[in-house]
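Take a look at the structure below.
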Amino acid sequence: MGNGHDMAARRKRVRVRFAPSPTGDLHVGNARTALFNWLFARREGGDFILRIEDTDASRTDRVYEANIVEDLRWLGLTWDEGPDVGGDFGPYRQSGRLALYGEHLERLIAKGSVYPCYCSDEELEAERLAQVARREPPRYSGRCRLLSAGERARREGEGRRPAWRFAVPPGTVSFRDVIRGNVTFEGRDLGDFIVVRSNGIPAYNFACVVDDHLMGMTHVIRGEDHLSNTALQLLLYRSFGWQPPRFAHHALILGKDRAKFGKRHGSVSVREFRERGILPEALVNYLALLGASLGGGREVAGIDGILASFSLNRAGKSGAVFDEEKLAWLNAHHLRLLDPEGLRSRLDPFIRKAGYGGEEEGRLQAVIAAVRDNLTDLWQIGDYLVMFDDGRFRLDEEAAAVLGREGSREVVAALGEAVDRHGASFGAVMAYVEEKTSRRGRDLFLPVRAALTGRVRGPELERVFDVLGPESVKKRVAKVLGGVART
RNA sequence: GGUCCCAUCGUCUAGUGGUUAGGACGCCGGCCUCUCACGCCGGAAACCGGAGUUCAAAUCUCCGUGGGACUACCA
């Protein structure tokens with residue numbers, strides 16, 4: 001007995017990684033991949049590694065790397081090893097591993113797995129065009145594979161610097177994907193791919209395999225868009241004689257038109273959602289929910305709840321459309337779960353952005369308490385701050401229309417009188433106005449709301465009244481009445 | 001075009017041979033003696049098509065159809 005336990009104990013410690021290329025801000029799709037890896041590592045008691053794939057110097061920017069790191073931290077996806085925290089398998093930036101790739105290229109050359117290709121971009125392009133014209137699949141013909149030593153020497157003599165291509169062998173490449181089951185590719189459909197570019201920089205698939213192996217990855221969890229890359233990478237593992245990791249390819253996030261979720265679909269980066277006032281826990285919750293389910297019909301969950309029910313098997317195989325409205329709903333939910341201090345600190349950057357925060361803390365908290373149930377994102381606090389600011393408060397179109405209606409001025413005038421008599425008691429004030437104007441319900445409340453807040457929607461009137469206080473109420477009444485009721 | 005992957009309400013999903021096909025977002029109606037938000041109640045809304053296997057198919061098989069990804073000296 002105890003076999004299962006022994007097996008588990010003997011099993012290698014799980015190691016997974018998130019390997020972004022710093023060519024832009026963190027895309028929510030990539031954030032979701034990072035989340036899956038993080039969850040998997042935490043679930044299995046393994047390590048989560050951050051590796052920066054910055055081999056293409058022309059597209060890479062250190063600023064993006066810093067942003068990605070910041071956004072991942074903001075989401076709460078911390079890593080055990082990475083460029084900033086170190087670890088035993090570094091360097092964690094591919095730009096610092098060039099010597100390693102060089103050594104490994106030598107090994108492939110020695111094994112005869114790769115060959116130098118002297119074709120220029122123009123030649124390659126012409127070949128592709130010809131293939132397309134002949135209605136053939138555009139694939140590298142492999143012509144440099146047959147070059148004799150003499151022909152190679154002649155090209156070298158012309159000063160041509162070769163790129164190294166992998167000589168894809170005939171036969172099939174297949175693997176068992178954790179999410180998709182068996183996947184098979186035919187070698188002849190693959191085409192000899194570039195391993196090291198003519199400028200000496202390793203190409204993605206090669207660098208990725210060398211790093212994943214050297215860094216001891218046990219699982220590679222990534223988007224479905226890498227499915228065909230996996231076939232190429234497996235060929236590399238085979239050549240090196242390495243045991244490949246387990247692969248799991250999750251489905252992609254789609255836009256409304258069901259195409260890969262991209263810029264034309266609106267906000268796509270973590271940063272954009274953050275700046276719009278989305279809570280990290282809401283985004284994480286949504287990303288975990290998208291294309292999957294938490295089980296038991298549960299949808300709202302914090303990171304612990306997500307962790308408890310996470311399983312790669314629960315990830316769907318088909319692409320999932322990103323639904324901003326559901327994200328907004330989740331955000332409103334998580335907003336309400338925050339305690340007052342938590343909400344206050346999350347709100348802080350948005351309060352400052354709106355130009356507030358310097359005033360009395362008590363008043364600020366009163367405003368927050370009054371509007372918190374109406375908030376669906378953090379950004380909206382700015383509008384409410386303006387609404388409660390006597391100096392900046394304005395009537396919007398709908399409010400002006402309400403106040404222009406028959407009988408509205410009468411209500412507002414009565415409100416002014418009521419405040420003079422009953423001061424801070426909302427109940428007494430409204431009772432007076434109701435008696436005086438014999439209006440009730442909407443006809444009574446809406447003009448009051450419009451006069452006091454400048455809008456026709458907002459927090460409960462009593463709370464607005466309390467935060468405003470008699471002085472502000474009178475100022476607003478006077479403003480609406482055009483200075484008539486000034487005292 | 002080629003290769004690979006996928007297919008339940010508009011959207012995200014539950015469902016692993018027998019269910020009135022469930023839930024969530026959104027939408028519509030109602031309630032909560034103002035609005036919005038929240039909450040609650042109710043409603044409309046789906047198994048891509050065709051064969052086959054089976055007593056029985058959303059579930060298994062095949063063929064269509066549709067959608068997506070990949071198809072760079074980007075990652």
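Residue numbers start from 1 in every chain, and the chains themselves are labelled A, B, ... in the order their sequence lines are given, proteins ahead of strands.
Ion pair A:Glu410/A:Arg439 not flagged as a salt bridge, since none of the NZ, NE, NH1 or NH2 atoms sits closer than 4.0 Å to an Asp/Glu carboxylate oxygen. Classification of A:Arg276 and A:Asp377 as a salt-bridged pair fails, no side-chain N sitting under 4.0 Å from a carboxylate O. Comment: A:Glu53 does not engage A:Arg93 in a salt bridge, judged by the lack of any side-chain N to carboxylate O separation of less than 4.0 angstrom. Note on A:Arg405 versus A:Asp443: no salt bridge recorded, every NZ/NE/NH1/NH2 to OD/OE distance being 4.0 Å or above. Under a 4.0 Å N-O distance rule, the pair A:Arg264/A:Asp257 qualifies as a salt bridge.
In this structure B:C34 sits in no base pair that meets the Watson-Crick or G-U test at under 3.5 Å. Across all strands shown, B:U61 forms a Watson-Crick or G-U wobble pair, both distances under 3.5 Å, with B:A51. Under the Watson-Crick or G-U wobble criterion, with both distances below 3.5 Å, B:A24 is paired with B:U11. Summarising the base pairing, B:A75 is matched to no nucleotide, lacking a Watson-Crick or G-U wobble pair whose two defining distances lie under 3.5 Å. Both distances falling under 3.5 Å, in either a Watson-Crick or a G-U wobble arrangement, occur for no nucleotide opposite B:G17. When both distances must be under 3.5 Å, the Watson-Crick or G-U wobble mate of B:A46 does not exist. Partner assigned to B:A69 is B:U3, using Watson-Crick or G-U wobble distances below 3.5 angstrom.
The residue A:Glu136 sits apart from the nucleic acid: no heavy atom pair falls under 4.0 Å. Using a 4.0 Å heavy-atom distance criterion, A:Arg442 is classed as a sugar-phosphate-only contact. Across all strands, A:Arg165 comes closer than 4.0 Å only to sugar-phosphate atoms, never to a base (heavy-atom distances). Counting any heavy atom pair closer than 4.0 Å across all strands shown, A:Arg449 reaches a base atom. A:Glu53 comes within 4.0 angstrom of the backbone, heavy atoms only, and of no base. Using a 4.0 Å heavy-atom distance criterion, A:Ala19 is classed as making no nucleic acid contact. When heavy atoms are screened at a 4.0 angstrom cut-off, A:Cys208 is found touching no nucleic acid atom at all. Residue A:Lys260 is in sugar-phosphate contact alone, with no base atom involved, counting any heavy-atom pair closer than 4.0 Å across all strands shown. A:Thr376 comes within 4.0 angstrom of nothing in the nucleic acid, heavy atoms only. A:Asn182 comes within contact range of the sugar-phosphate backbone alone, with a heavy-atom separation under 4.0 Å but no base atom that close. Residue-level contact check: A:Leu289 touches the backbone only, with heavy atoms under 4.0 Å from sugar-phosphate atoms and none from bases. Backbone-only contact: A:His333 has heavy atoms under 4.0 Å from sugar-phosphate atoms and none from a base. Residue A:Ser228 is classed as a sugar-phosphate contact, given heavy-atom separations below 4.0 Å to backbone atoms only. If you check every strand for non-hydrogen atoms under 4.0 Å, A:Thr55 touches sugar and phosphate atoms only.
For A:His333 and A:Tyr286, the distance between ring centers is not under 6.0 angstrom.
On the C1' atoms, B:A44 is 15 Å away from B:G30, given to the nearest whole Å. Comparing the P positions of B:G66 and B:U19 gives a spacing of 32 Å, expressed to the nearest Å. B:U65 and B:C38 are spaced 45 Å apart, taking the C1' atom of each and rounding to whole Å. Separating the P atom of B:A45 from that of B:C9 is a span of 14 Å, rounded to the nearest Å. Nucleotides B:U11 and B:C70, compared at atom C1', are 26 Å apart to the nearest Å. Annotation: B:G23 and B:C40 have their P atoms spaced 14 Å apart (nearest Å). Separating the P atom of B:A56 from that of B:U8 is a span of 26 Å, rounded to the nearest Å. One C1' atom belongs to B:G26, the other to B:G64, and the distance between them is 34 Å to the nearest Å.
Positionally, the nearest nucleotide of RNA chain B for A:Arg336 lies more toward the 5' end than for the other of A:Arg336 and A:Asn229. Nearest-nucleotide mapping onto RNA chain B: of A:Tyr118 and A:Gly319, the residue sitting toward the 5' end is A:Gly319.
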Full working for ring pair (Phe, Tyr, Trp, His ring centres under 6.0 Å) between A:Phe322 and A:His265: CA-CA 9 Å; A:Phe322 194 89; A:His265 298 291; 9.9 Å; no
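Relative ring orientation between A:Tyr140 and A:Tyr115 is described as parallel, the plane-to-plane angle staying below 30° on a 0-90° scale split at 30° and 60°.
Remark: A:Arg197 fails to qualify as a cation-pi partner of A:Phe206 under the 6.0 Å distance and 45° angle criteria applied to the six-membered ring.
Tested against A:Glu123 for a salt bridge (Lys or Arg N to Asp or Glu O under 4.0 Å), the candidates A:Arg160, A:Arg155, A:Arg128 yield a single pass: A:Arg160.
The span of RNA chain B lying next to chain A, judged by atoms under 4.0 Å from heavy atoms, is bounded 5' to 3' by B:G1 to B:A75.
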